[in-house]
Asks: 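The structure follows.
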4 protein chains.
Amino acid sequence: MSVNKVILVGNLGKDPELRYTPAGTAVATFPLATSERYRDKSGQQVEKTEWHNIVVWRNLAEICGKYLHKGKQVYIEGKIRTRSYTDRDGNKRYITEIEAEQMQMLGRIGDDVGSRAPAPAAAQDDFNQQPAASFDEPAYNPDDDIPF
Amino acid sequence: MSVNKVILVGNLGKDPELRYTPAGTAVATFPLATSERYRDKSGQQVEKTEWHNIVVWRNLAEICGKYLHKGKQVYIEGKIRTRSYTDRDGNKRYITEIEAEQMQMLGRIGDDVGSRAPAPAAAQDDFNQQPAASFDEPAYNPDDDIPF
Amino acid sequence: MSVNKVILVGNLGKDPELRYTPAGTAVATFPLATSERYRDKSGQQVEKTEWHNIVVWRNLAEICGKYLHKGKQVYIEGKIRTRSYTDRDGNKRYITEIEAEQMQMLGRIGDDVGSRAPAPAAAQDDFNQQPAASFDEPAYNPDDDIPF
Amino acid sequence: MSVNKVILVGNLGKDPELRYTPAGTAVATFPLATSERYRDKSGQQVEKTEWHNIVVWRNLAEICGKYLHKGKQVYIEGKIRTRSYTDRDGNKRYITEIEAEQMQMLGRIGDDVGSRAPAPAAAQDDFNQQPAASFDEPAYNPDDDIPF
DNA sequence: TTTT
DNA sequence: TTTT
């Protein structure tokens with residue numbers, strides 16, 4: 001009975017870091033900047049940048065590691081997640097991250113100066129993906145008889 | 001490289017109609033009302049109701065057919081889809097529908113006066129769901145070693 | 001060139017706290033819970049609750065202070081914002097909050113057992129609202145001649 | 001008590017058409033394509049394009065008319081609206097449109113081959129904007145004393 | 001009628 | 001630490 005959804009369009013502050021859990025699951029992390037322009041009390045235009053900690057799992061992590069790079073503009077859809085950890089002084093601390101479930105590269109494919117690999121397509125965390133074998137019930141089939 | 005996302009919170013105008021394609025796929029449809037209050041030129045409060053044609057497939061259709069009913073408040077996440085069809089005069093016509101991929105019943109579970117079945121949980125179109133057997137790589141595992 | 005949008009449906013963990021800045025601006029804060037059910041490695045249903053720090057400004061803060069209460073289910077639309085502050089040991093620390101720009105109370109109006117005030121309507125942060133006097137150009141006017 | 005929100009990232013199928021109502025209100029319209037790739041029953045990759053009728057009012061219409069052009073990639077946030085009209089045979093017909101409230105141009109600014117004007121910034125429908133004079137209560141003021 |  |  002609840003919804004936890006985040007939609008971001010921003011630019012990567014660094015290349016993604018791709019790591020693996022002991023169990024072998026891929027996980028990529030990168031900072032994403034969104035910025036907002038507004039006028040302060042004196043009427044002057046100022047810009048405020050928000051930095052988001054993006055975390056991506058499984059196949060989507062591999063795609064991010066391969067195709068994204070510092071400066072790239074992306075669309076991210078995911079959820080907010082706050083983790084606790086213990087710092088070196090033994091204090092419990094919290095970090096809020098965005099767990100991305102969908103990622104879309106934005107802009108023309110040609111304009112990727114710093115690209116690390118040839119251009120890909122949109123991508124989704126495979127965890128909620130159907131197995132390749134089960135396409136007998138298509139998500140959308142315009143040739144099927146629609147009973148309404 | 002594109003996004004087509006709709007988020008609605010509204011009330012069902014009718015009980016859902018649950019049908020099956022010749023191939024046996026479940027599909028539910030129902031009208032959903034969202035309304036907006038604003039002031040007109042004369043400053044008077046008016047209310048404008050928008051009606052959305054909701055279409056739901058597969059297991060989520062079954063859930064809607066079982067648990068939703070006229071008047072129920074729901075959260076819907078999905079995509080916009082425009083279909084063409086030929087009317088009885090032979091003219092090509094278009095209808096825009098919202099294909100729901102996620103549905104959440106809102107409000108207290110007890111306040112469902114007209115409910116047709118005991119209360120359920122949130123639900124998602126199974127088409128993008130993982131098979132029951134493959135839970136060895138959990139979507140989220142707080143006990144796993146996170147390598148960052 | 002960026003988007004920072006959060007959509008939450010959840011329940012208040014406490015009554016809102018309504019305060020005022022030295023300049024007299026109203027600000028309300030409250031924790032909001034969203035929860036997710038999933039199966040762990042052993043296939044068991046577990047529930048994980050995420051707590052969000054909601055911050056609301058101006059007239060929307062007053063509305064939250066008046067009408068929301070612990071347990072109430074709400075729809076929140078806003079943005080992610082991370083603030084830094086110095087803790088009592090002099091360390092710089094960060095806190096991530098959701099600045100709500102829109103709030104909708106969910107559920108039947110009657111089912112508000114602990115309500116602190118008679119039921120209200122949906123509401124929006126006035127900061128981006130038009131002044132009351134300028135309604136000569138309506139947001140939507142079905143009687144106007146639409147030139148397309 | 002309702003939400004009607006659409007989020008699109010897609011490409012303009014034509015240059016925007018900018019018109020004015022008899023009352024002098026600017027309104028721009030353009031088709032926006034979103035496309036989805038999926039596999040059909042035979043396992044073949046197919047692409048389905050959805051066309052959205054975008055309608056934009058007031059200052060945001062002027063901005064769209066000035067800076068957008070056929071092929072441009074944009075982020076659109078708005079609401080679904082279905083209008084009825086009478087066709088030339090006297091039949092009542094319906095058309096569903098997306099009324100855009102926010103628009104963001106995507107991609108690098110330099111990569112706008114067909115651009116009709118020098119590059120702009122993000123933009124919002126002024127109807128919900130505050131008047132320029134009232135910035136004494138800033139939307140966000142990092143220098144203000146936050147009372148929590 | 002766009003983009004990949 | 002990105003982009004405009």
Side-chain angles (χ1 to χ4, degrees), chain A residues 8-17 29-38 45-54 63-64 67-76 98 103-115 118-123, chain B residues 1-4 82 84 94, chain C residues 1-4 82 84 94, chain D residues 8-17 29-38 45-54 63-64 67-76 97-98 103-115 117-123:
Chain A
L8 301 173
V9 174
N11 299 278
L12 276 79
K14 290 185 188 171
D15 286 348
E17 294 187 16
T29 57
F30 54 86
L32 188 78
T34 58
S35 40
E36 193 183 358
R37 250 151 274 141
Y38 63 95
Q45 271 269 357
V46 291
E47 179 172 304
K48 181 164 189 310
T49 295
E50 199 65 39
W51 286 98
H52 310 272
N53 304 303
I54 311 293
I63 289 168
C64 290
Y67 298 115
L68 299 188
H69 57 88
K70 180 174 168 172
K72 181 71 185 156
Q73 188 185 38
V74 293
Y75 168 95
I76 290 285
I98 306 305
M103 184 276 298
Q104 304 263 354
M105 284 168 268
L106 299 176
R108 287 262 166 65
I109 273 187
D111 64 308
D112 265 339
V113 186
S115 184
Chain B
M1 305 279 274
S2 65
V3 174
N4 175 357
T82 298
S84 67
Y94 296 89
Chain C
M1 305 281 275
S2 65
V3 174
N4 173 358
T82 298
S84 67
Y94 297 89
Chain D
L8 302 173
V9 174
N11 299 279
L12 277 79
K14 291 184 188 171
D15 286 348
E17 295 188 16
T29 57
F30 54 87
L32 189 78
T34 58
S35 39
E36 194 184 356
R37 250 151 275 143
Y38 64 94
Q45 272 268 355
V46 290
E47 179 172 304
K48 180 163 190 310
T49 294
E50 199 64 41
W51 286 99
H52 309 272
N53 304 303
I54 310 294
I63 289 168
C64 290
Y67 299 115
L68 300 188
H69 56 88
K70 180 174 166 172
K72 181 73 185 155
Q73 188 184 39
V74 294
Y75 168 94
I76 290 284
E97 295 162 321
I98 307 306
M103 184 275 298
Q104 304 264 353
M105 284 167 268
L106 298 176
R108 287 262 167 66
I109 273 189
D111 64 307
D112 266 338
V113 186
S115 183

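Numbered from 1 within each chain, the chains take letters A, B, ... in sequence-line order.
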Asks: In this structure, how many angstroms lie between the C1' atom of E/dT3 and the NE2 atom of D/H69, rounded?
Replies: 13 Å

Asks: Would a distance-only check, ignoring hydrogens and angles, find a side-chain to backbone donor-acceptor pair under 3.5 Å from D/K72 to D/D15?
Replies: no

Asks: At what distance, to the nearest 0.5 angstrom, does CD1 of D/I76 lie from CD1 of D/I98?
Replies: 9.5 Å

Asks: Can you tell me whether the side chain of D/T49 and the base of E/dT2 have a donor-acceptor pair closer than 3.5 Å?
Replies: yes

Asks: Among the nucleotides F/dT3, E/dT4, E/dT2, which one has an atom lying closest to any side-chain atom of D/W51?
Replies: E/dT2

Asks: Under the 3.5 angstrom rule, does the side chain of A/E50 hit a backbone N or O of A/T34 as a donor-acceptor pair?
Replies: no

Asks: Once you round it to whole Å, what is the distance between P of E/dT2 and CD of D/Q73?
Replies: 15 Å

Asks: From the options E/dT2, F/dT4, F/dT1, select the nucleotide whose nearest atom is closest to the side chain of A/E47.
Replies: F/dT4

Asks: For D/Y75 and E/dT3, what is the distance between atoms OH and P respectively, to the nearest whole Å?
Replies: 22 Å

Asks: Rounding to an integer number of Å, can you tell me how far D/K72 NZ sits from E/dT3 C1'?
Replies: 13 Å

Asks: Would you compute the distance between atom CG of A/L12 and atom NE2 of A/H52 and round it to the nearest 0.5 angstrom?
Replies: 12.0 Å

Asks: Rounded to the nearest angstrom, tell me the gap between atom CD in D/E36 and atom P in E/dT3.
Replies: 19 Å

Asks: Can you check the D/K70 NZ to E/dT1 P distance for me, whole Å?
Replies: 7 Å

Asks: Side chain of D/S35: nearest nucleotide among F/dT3, E/dT1, E/dT3?
Replies: E/dT3

Asks: Which whole-number value in Å describes the distance from A/Q45 CD to F/dT3 P?
Replies: 20 Å

Asks: Atom CE of D/M103 to atom C1' of F/dT4: distance rounded to whole Å?
Replies: 14 Å

Asks: Consider the side chain of D/P31, meaning its heavy atoms from C-beta on, and name the nucleotide among F/dT2, E/dT1, E/dT4 that approaches it most closely.
Replies: E/dT1

